[in-house]
Number of protein chains: 2
Amino acid sequence: MRQRVLETAQRLGYRPHRYAQILAKGRSGIIGVLQSSGILQINIQRTHHVLRLIRENGFHPLVADSTGYPAETETACQSLIDARVEGVLLQNASIGPSQIRQFQNAEIPVVALSGGELSHVPQVRADVCQGMLDLTNHLLALGYRRMRLLGLAGADGSGDLAWPTAERIKGFRTALTNAGLQYEDTDVQFSQRPADSMVPYRSGFDGMQRILQASPLPEAVLCSNDDLAIGALCAAAGAGRRVPEDIAVTGFDNSPMSEFTMVPLTTVMHQTERMVRQAMEMLMDLMRGKEIPEADRLVKVPCQLVVRRSCGANQ
Amino acid sequence: MRQRVLETAQRLGYRPHRYAQILAKGRSGIIGVLQSSGILQINIQRTHHVLRLIRENGFHPLVADSTGYPAETETACQSLIDARVEGVLLQNASIGPSQIRQFQNAEIPVVALSGGELSHVPQVRADVCQGMLDLTNHLLALGYRRMRLLGLAGADGSGDLAWPTAERIKGFRTALTNAGLQYEDTDVQFSQRPADSMVPYRSGFDGMQRILQASPLPEAVLCSNDDLAIGALCAAAGAGRRVPEDIAVTGFDNSPMSEFTMVPLTTVMHQTERMVRQAMEMLMDLMRGKEIPEADRLVKVPCQLVVRRSCGANQ
DNA sequence: CTGTTAGCGCCTTCAT
DNA sequence: ATGAAGGCGCTAACAG
């Protein structure tokens with residue numbers, strides 16, 4: 001009997017009504033992904049992995065993306081809550097305290113992957129501080145001394161930095177200090193956040209143009225990400241400076257493009273898959289009601305140096 | 001009374017249960033987006049516009065992405081059907097006849113935006129044939145004669161080309177013919193589709209390397225998209241050839257990166273927003289039960305030439 | 001204008 | 001094993 005019903009259902013191409021199931025069961029089987037929209041390759045790759053892993057865990061992904069404007073973030077979070085997601089993964093996105101509270105009230109666990117600083121939200125991020133430290137040490141070993149870090153200014157222009165930039169600065173300066181070098185505030189050049197998140201290169205271009213006006217010229221410019229570095233390379237070329245002969249340039253993220261830039265970029269690789277996997281595990285644990293001990297709420301996954309030509313090694 | 005209820009609901013932060021609404025109303029208010037995953041900037045931008053427009057029309061977007069493998073495409077379509085979407089926008093994705101039938105059976109209208117050839121599905125695409133023709137004419141006017149088109153081979157290696165490539169070849173050859181030039185089959189160099197959709201540059205790199213072995217060297221290489229062109233620029237640099245002095249290179253798509261490449265790329269711009277808007281209108285019409293007259297089922301939106309330095313003009 | 005009721009399609013529980 | 005019933009939260013149709 002049961003057999004016959006199932007066969008007939010099969011034959012008629014019957015598919016259960018997911019929303020009726022959700023209504024009856026009280027759970028949606030959906031995991032939300034809140035993503036900051038943009039074109040940074042590393043983010044696209046990470047989201048790709050996130051979606052795959054969500055499916056592998058037997059859930060349906062639902063992505064909401066926000067450009068980072070508070071109103072839009074609010075809408076995106078609300079849409080996830082309305083969609084009855086059972087958990088949320090912040091992919092390089094940050095949310096405010098009010099949104100965090102909303103998720104808490106709805107008893108929806110949240111885990112952050114990369115992205116800015118977030119209190120009360122377990123987070124997995126690349127150890128960019130260590131990555132930048134390794135990179136700086138590498139440049140020091142190559143003999144560079146006068147270095148400049150090129151990073152993005154804070155979102156609101158208020159001067160407070162996004163975590164990722166702050167961590168990079170920390171790694172950079174620690175390496176300089178360890179080497180017995182002095183650093184000044186001016187060793188960091190801030191570039192304005194791109195007006196259009198689809199064109200991040202312009203920021204690197206502008207920032208590099210300003211750096212190139214300095215005299216003496218820095219010997220090496222460390223960019224906060226590969227996309228900035230691409231803009232920086234372009235600015236250097238426009239100013240008639242050769243990389244790395246006249247000035248070394250490095251990136252960060254090891255995005256697919258970084259191998260095919262004007263000069264192949266020396267950069268720092270994230271262990272993307274490992275990070276995503278770890279974040280998913282945390283989220284699944286939370287969804288099963290497990291508590292995450294305080295000590296494990298911030299996981300830092302090491303980065304690895306990728307040496308190519310733009311730093312002047314490997315010529 | 002009604003007032004008081006609404007106020008209280010507001011105060012308690014009540015939100016209606018979307019799935020119960022869907023169940024009761026019989027319509028989901030969701031529009032599905034089937035997208036071929038990948039990192040091509042033009043696609044990311046287009047999807048961005050698509051999502052925005054879906055929301056502006058009062059619907060919720062749901063994206064399903066597929067790497068193009070038949071099994072995955074099948075799953076993606078099924079998930080859209082299960083999600084009770086009221087319409088589907090194919091964004092640079094193609095589906096087989098069996099999937100088309102599934103959508104028809106479920107009475108879900110489908111409109112394609114860009115992407116490959118699709119029978120029985122209304123489509124909006126950039127007029128890449130005209131774009132390539134304009135580009136080729138531009139190069140002819142600059143004096144180039146020995147030109148080579150670098151495109152991607154068909155997905156299955158069976159030799160049949162994806163529409164976009166075929167259209168580019170058509171425009172290219174038409175321009176040559178109009179100029180009274182002969183062309184041979186060897187004027188087109190096919191490069192293998194990237195194994196990893198996240199690294200499209202390699203294909204351009206490999207293809208260009210093969211082109212650079214020819215003697216005499218072509219005077220200009222027209223790449224099927226900007227990402228191929230980036231790989232091609234890299235290969236040219238690696239072989240010690242200057243662009244555009246030794247060999248001109250052009251792209252296609254006017255992706256954000258194209259302005260910041262080794263040499264700013266001469267390329268062809270799509271009218272993305274207009275295309276997306278038109279596709280959405282078609283879909284909304286279909287969802288309202290309107291028929292699309294045969295003549296309007298394939299909309300070609302003109303492309304515009306963007307001249308930068310890689311073609312040897314604007315030096 | 002307010003109040004009531006019968007589903008929407010499924011799952012769960014309980015009874016046979 | 002199979003069958004029957006109640007309810008998930010909402011909407012639409014209808015009654016007062």
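Please read all numbers here as calculations on a predicted model, not as lab measurements. Both backbone and side-chain heavy atoms feed into the values below; hydrogens, waters and symmetry mates do not.
Contact of the A/P97 side chain with the A/H120 side chain is not registered, since no non-hydrogen atoms from C-beta on lie closer than 4.5 Å.
Within the structure, side-chain hydrogen bond (donor to acceptor under 3.5 Å, both in side chains) pairs that include any residue of residues 58-70 of chain B comprise B/S66-B/T73, B/T67-B/E72 (at least two apart or interchain). Here salt bridge (charged side-chain N to carboxylate O under 4.0 Å, His left out) pairs that include residues 21-38 of chain B, with residues two or more places apart or in two chains, are B/R27-B/E86.
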Strictly under 3.5 Å: I want the nitrogen or oxygen pairs between protein and nucleotides 13-16 of chain C, one per line.
none

With 3.5 Å as the limit, what N/O pairs link the protein to nucleotides 6-8 of chain C?
unit_1	atom_1	unit_2	atom_2	d
C/dC8	O2	B/A24	N	3.4

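Partners of A/R52 according to the salt bridge (Lys or Arg N to Asp or Glu O under 4.0 Å) rule, which considers only residues two or more places apart in sequence or in another chain, are A/E56, A/E273. Every residue two or more places apart in sequence or in another chain was checked for a side-chain hydrogen bond (donor to acceptor under 3.5 Å, both in side chains) with A/N225, and none qualifies. For A/R11, there are no salt bridge (Lys or Arg N to Asp or Glu O under 4.0 Å) partners at least two apart in sequence or on another chain. For the ring pair (Phe, Tyr, Trp, His ring centres under 6.0 Å) test, residues two or more places apart in sequence or in another chain that qualify with A/H17 are A/Y19. For the side-chain hydrogen bond (donor to acceptor under 3.5 Å, both in side chains) test, no residue two or more places apart in sequence or in another chain qualifies with A/Q192. Shown here are the side-chain hydrogen bond (donor to acceptor under 3.5 Å, both in side chains) partners of A/R46, two or more places apart in sequence or in another chain: A/N43, A/Q91, A/S114.
D/dA1 atom P lies 13 Å from atom CG of A/L6, rounded to whole Å. Taking atom OH of B/Y19 as the reference point, atom P of D/dC8 lies 19 Å away to the nearest angstrom. As a whole-Å value, the separation of B/I22 CD1 from C/dG9 P is 13 Å. Spacing between atom CZ of B/R15 and atom P of D/dC8 amounts to 22 Å, rounded to whole angstrom units. Between B/R27 atom CZ and D/dT11 atom C1' there is a gap of 13 Å when expressed in whole angstrom units. In this structure, CZ of A/R84 is placed 8 Å from P of D/dG9, rounded to the nearest angstrom. One atom, CZ of B/R18, and another, P of D/dT11, lie 12 Å apart when rounded to the nearest Å.
Inter-axis angle, ends of the helix from C/dG3-D/dC14 to C/dT16-D/dA1, five pairs per end, rounded to 10 degrees: 40°.
Shown here for B/Q41 and B/S255, the closest heavy-atom pair between the two residues is OE1-CB, 3.4 Å.
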Mind listing the side-chain donor-acceptor pairs of residues 76-83 of chain B below 3.5 Å, one per line with the distance, residues two or more places apart or on another chain?
unit_1	atom_1	unit_2	atom_2	d
B/S79	OG	B/A76	O	2.8
B/D82	OD1	A/R15	NH1	3.2
B/D82	OD2	A/R15	NH1	2.5

